[in-house]
Every structure is written in structure tokens, then in C-alpha cells.
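Below is one structure; the comments refer to it alone.
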Amino acid sequence: MSNIAALLKEAENAMPYIVRDRGMGNDPQFIDYPAASMRTLTLTMTHLPVLGGKDDSIITVAPGNIAGQSTKLDTAIIRSSRVAAAGANIIVRPVPANAYATGLTGGVSVYEADAYFVTVAPAEFASVADGAAVSVTPLPASRAQVKWDEAVKLAVRFNVPRRDPRTYGQEHIAKEILTAIPLGIARAADNLLLSAINAETPSPFTVAAASAQGLNAGELRALIGTDGTGAQFRADGQLIAAGIAAEMTPDMAGTIVGAFDRAAVAIHDEITLLAERLDGDGNLAVTCWVSMIPLLPDPAKFWTVA
């Protein structure tokens with residue numbers, strides 16, 4: 001949080017130029033340069049602010065943050081994600097790399113290592129008659145490669161008027177920014193995975209189709225979009241769709257039922273924040289970038305609800 005407060009302060013005080021010395025007897029050269037400051041945060045090492053009232057402020061506890069406890073950003077993302085609640089895997093990691101020696105001079109080359117999200121189905125054993133050959137079946141593993149060079153780059157940008165840090169305090173604004181970021185990343189991860197599932201044009205859900213895929217009933221979860229398709233509340237208050245325990249999501253229109261534990265979203269561990277001073281009055285803009293990849297090795301495990 002202090003890093004973000006310092007980021008805002010640096011941008012607020014930054015000069016919109018750099019000075020180039022042109023030697024003795026020459027006037028210095030002033031070169032336009034953005035009045036900005038940048039930080040890189042790691043989701044697995046940075047903690048959410050411990051929210052609490054101060055100076056008569058009342059701060060609501062956001063989803064993913066437990067009052068009075070220190071929570072890392074990656075944990076807050078998982079707690080806030082609807083697809084994670086349905087069973088999807090949220091994988092927060094940097095680019096995996098391997099190193100090898102390039103010769104006798106001591107040089108080292110670093111390259112990106114292959115990484116995959118893999119789901120494995122049961123091997124299909126069958127009886128074999130005496131003297132008969134064992135039939136060959138494909139290895140029941142489905143893979144989705146984690147290619148960071150093909151990751152989806154997402155960003156958010158919002159303004160911080162000059163009066164806000166002076167009215168509420170720089171640290172308070174930093175708390176708000178640092179709380180909003182993981183919640184927004186969770187929402188973006190939901191949108192990305194649900195879009196990937198819908199892009200596969202899943203067929204209508206039936207119990208027979210789920211059974212044919214070898215799924216347990218407990219694996220199935222439903223996510224209900226903004227159309228409310230198939231949504232019902234049982235007498236005990238449980239939201240369901242097609243008889244399956246469900247949750248709501250604002251990130252799609254329809255309703256999906258599936259084994260979400262067979263899907264994942266890989267989120268790069270590092271996020272970048274840029275604070276820029278927009279004008280002479282000290283108004284700021286803060287931009288955050290994040291990279292992520294939807295991983296759907298077995299789309300046959302998902303269906304739509306009519």
C-alpha cells in the first residue's frame with residue numbers, strides 16, 4: 001500500500017521534462033518527458049490493506065478480504081472469483097524459465113519453459129481374451145499450454161482528482177486502489193474463462209451428457225448470467241439451474257453448467273502500475289496492466305442451459 005501511496009506522490013511531484021547538459025557555455029536542453037511514476041507489484045507477495053475505520057471513515061469489507069486479517073492479492077483474487085468458487089483453478093505464477101550454459105566462458109542463456117494445464121481421465125481397462133492382443137487407446141490426458149507470449153493483456157485506467165488525496169489522504173486512496181485491483185482481476189478472469197467456454201458453443205445440458213463424460217454429480221456447478229436463464233431458488237434458499245447448485249455472474253448473458261475443476265485461468269504474478277500527472281493542477285491518472293490466459297483443455301465438460 002505504501003508503494004502505491006509513494007507512486008501517487010512521485011507522479012504528483014514529477015517534472016514534465018528532463019534536462020540535458022550540452023556542455024560549458026551552452027544552455028541546457030529541456031526535453032519533454034511524461035510526469036509519471038511506475039511500480040511493479042507481485043500478486044503473491046503484496047498484501048491487501050487491513051481495512052478499518054479511521055478519522056470517522058467507515059470502510060466496508062470487500063469480497064476476498066477478511067476484516068483485521070492480512071490477505072495477499074492472489075488469495076483475494078481466488079476468493080472473489082465466481083469461476084473459482086465453481087471449482088476453476090486460478091493459477092498465479094511468473095513466466096517459468098530454464099537456464100543452461102552456452103559454452104566454456106560461463107555464459108548462461110535463459111529461455112521460457114514449457115508449461116501446461118493438464119486434466120487426466122481414468123484409463124479405460126477392458127477384458128482381454130486368452131491369446132488376444134490388448135487394444136490400444138489414446139492416453140486420456142487433455143492439455144492446454146500456458147503461452148505467456150500469447151497471453152491476453154488487460155488494463156484499467158481511472159482518474160484521481162487532486163482534491164481526493166488532500167480530502168481523504170494519500171494512504172486512504174492507496175488502500176482503495178489496492179483493494180479494487182484484485183477484485184477487478186478476479187472479474188476479468190471470470191470474463192475471460194466464460195468467454196472461452198462460450199466460444200466453444202457448448203451443447204444443451206442433460207444429465208445423460210454429463211454422465212457420459214464420467215463426471216461425478218458433485219463436480220457440476222452452474223453459473224447464471226444476466227438473462228437469468230434456468231434460474232430457480234429451492235425452498236432452502238439454494239440457487240439452482242437445471243437442478244445444479246448455482247451462483248450468479250455479470251460476465252455473460254446465458255447459463256453454463258460444467259465441471260469447472262477441469263478449467264483454469266493463468267494470471268501473471270506481476271502487475272504494472274503507472275501514475276501520471278495530467279495537468280498543472282495535480283490531477284492524476286492511474287493505469288494497471290495484467291496478463292492472463294484462459295485454459296480449457298476439455299471443453300466437452302461444459303454445457304448451456306436452455
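Fair warning: this is a prediction, and the values are worked out from it, not measured in the lab. We count residues from 1, following the sequence as given.
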Taking the side chain as every heavy atom from C-beta outward, state whether Ile271 and Ile185 have any atom pair closer than 4.5 Å. yes

Is it true that atom CD of Gln238 has more than 12 heavy atoms of other residues, nucleotides or ligands lying nearer than 6.0 Å? yes

Under a 4.5 Å side-chain heavy-atom rule over Ile, Leu, Val, Met, Phe, Trp and Tyr, are Leu274 and Val286 clustered together? no

Mind listing the closest non-hydrogen atom pair of Pro140 and Pro122 along with its distance? CG-O, 3.9 Å

Check whether Arg163 reaches the backbone of Val160 with its side chain - one donor and one acceptor, N or O, closer than 3.5 Å. no

Without swapping roles, check the side chain of Asp227 against the backbone of Gly254 for a donor-acceptor pair under 3.5 Å. no

Just how far is it from atom CD1 of Ile4 to atom OG of Ser37, taken to the nearest 0.5 Å? 11.5 Å

So which atom in Ala155 and which in Trp289 form the shortest heavy-atom distance, rounded to 0.1 Å? CB-CD1, 3.6 Å

Side chains of Leu41 and Leu178: closer than 4.5 Å at any heavy-atom pair? yes

Ionic contact status for Asp74 with Lys72, cut-off 4.0 Å: no

Looking only at side-chain N and O atoms, does Ser81 offer a donor or acceptor that is under 3.5 Å from a partner on Asp190? yes

Please determine if Glu219 and Arg262 form a salt bridge, counting it only when a charged side-chain N lies under 4.0 Å from a carboxylate O. yes

Would you say that more than 12 heavy atoms from the other residues, nucleotides or ligands in this model lie under 6.0 Å from the CG of Asp236, or not? yes

Heavy-atom side-chain contact between Ile181 and Val290 under 4.5 Å: no

The reported gap from OH in Tyr116 to OG in Ser142 (rounded to nearest 0.5 angstrom) is 14.0 Å

Distance col, row Ile256:CD1 vs Asn198:CG, nearest 0.5 angstrom, shows 4.0 Å

For Trp303 versus Pro204, what's the shortest heavy-atom pair and its separation? CD1-O, 3.6 Å

Candidates Asn191, Ile224, Leu223 - the one meeting side-chain contact (heavy atoms from CB on, under 4.5 Å) with Met252: Leu223

Met38 CE: over 12 foreign heavy atoms closer than 6.0 Å: yes

What are the two closest non-hydrogen atoms of Leu239 and Gln232, and how far apart are they? CD1-O, 3.3 Å

Counting neighbours of OH on Tyr168 that are heavy atoms of other residues, nucleotides or ligands and sit closer than 6.0 Å, is the number greater than 12? no

Go through the steps to decide whether Leu296 and Phe302 satisfy the test side chain to side chain contact (heavy atoms under 4.5 Å, CB included), and finish with yes or no. CA-CA 10 Å; Leu296 192 64; Phe302 296 88; 3.6 Å; yes

What one should report as the nearest heavy-atom pair of Leu193 and Pro294 is CA-CB, 4.3 Å

In one Ile/Leu/Val/Met/Phe/Trp/Tyr side-chain cluster, 4.5 Å: Leu215, Val120: no

Measure the spacing between NE2 of His47 and CG of Leu73 and express it to the nearest 0.5 Å. 8.5 Å

Contact between Phe260 and Arg82 at the side-chain level, heavy atoms closer than 4.5 Å - yes or no? no

Do Leu295 and Val118 share a hydrophobic cluster, counting only Ile, Leu, Val, Met, Phe, Trp and Tyr and linking them when any side-chain heavy atoms are less than 4.5 Å apart? no

Residue pair Leu278 / Asn159, side-chain heavy-atom distance below 4.5 Å: yes

Any side-chain heavy atom of Phe205 sitting closer than 4.5 Å to one from Ile244? yes

Between Val128 and Ala133 the two heavy atoms that sit nearest each other are CG1-O, 4.2 Å

Output the distance between atom NZ (Lys301) and atom CG (Leu220), rounded to the nearest 0.5 Å. 11.0 Å

Measuring only between side-chain heavy atoms, which start at C-beta, is Arg157 closer than 4.5 Å to Glu276? yes

Expected output: side-chain Asp261 to main-chain Asn89 donor-acceptor under 3.5 Å: no

Any side-chain heavy atom of Ile177 within less than 4.5 Å of one from Ile173? yes

Between the main-chain N or O of Lys175 and the side-chain N or O of Thr179, is there a donor-acceptor pair closer than 3.5 Å? yes

ILVMFWY network linking Val257 to Val83, side-chain heavy atoms under 4.5 angstrom: no

Donor-acceptor under 3.5 Å (Asp269 side chain, Thr44 main chain): yes

Do Leu43 and Leu154 sit in one hydrophobic cluster, given that two such residues count as connected whenever their side-chain heavy atoms are within less than 4.5 Å of each other, even indirectly? yes

If I take atom CZ from residue Arg187 and atom CG from residue Leu192, how far apart are they, to the nearest 0.5 angstrom? 13.5 Å

